[in-house]
Amino acid sequence: MNALHANSAPTAPQDDEVITLRLDDTLRQARAAIRATADAVLEVRPEMAQ
């Protein structure tokens, strides 16, 4: 195997990829928390639904 092929082997995710994955996960968690909060508020104050 020459150097070109050795360098094209799969590698671990780069730092920016890891950060993006973590941000995506954090965003999903935040959206779920917001939805849960909104659902809880609407249970107590149904008149707030639009």
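Throughout, residue positions are numbered sequentially from 1 according to the sequence presented.
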| request: Determine the sole option in D25, I19, T20 for which the side-chain contact (heavy atoms from CB on, under 4.5 Å) test with L23 is passed. | output: I19
| CG of D24: more than 12 outside heavy atoms within 6.0 angstrom? | yes
| said: Under 4.5 Å side-chain heavy-atom separation, chaining through any Ile, Leu, Val, Met, Phe, Trp or Tyr, what else clusters with L27? Say none if it is isolated. | reply: none
| Between M48 and V41, what is the shortest heavy-atom contact and its length? | SD-CG1, 3.8 Å
| Sequence neighbours excluded, which residues qualify as side chain to side chain donor-acceptor pair (under 3.5 Å) partners of E43? | none
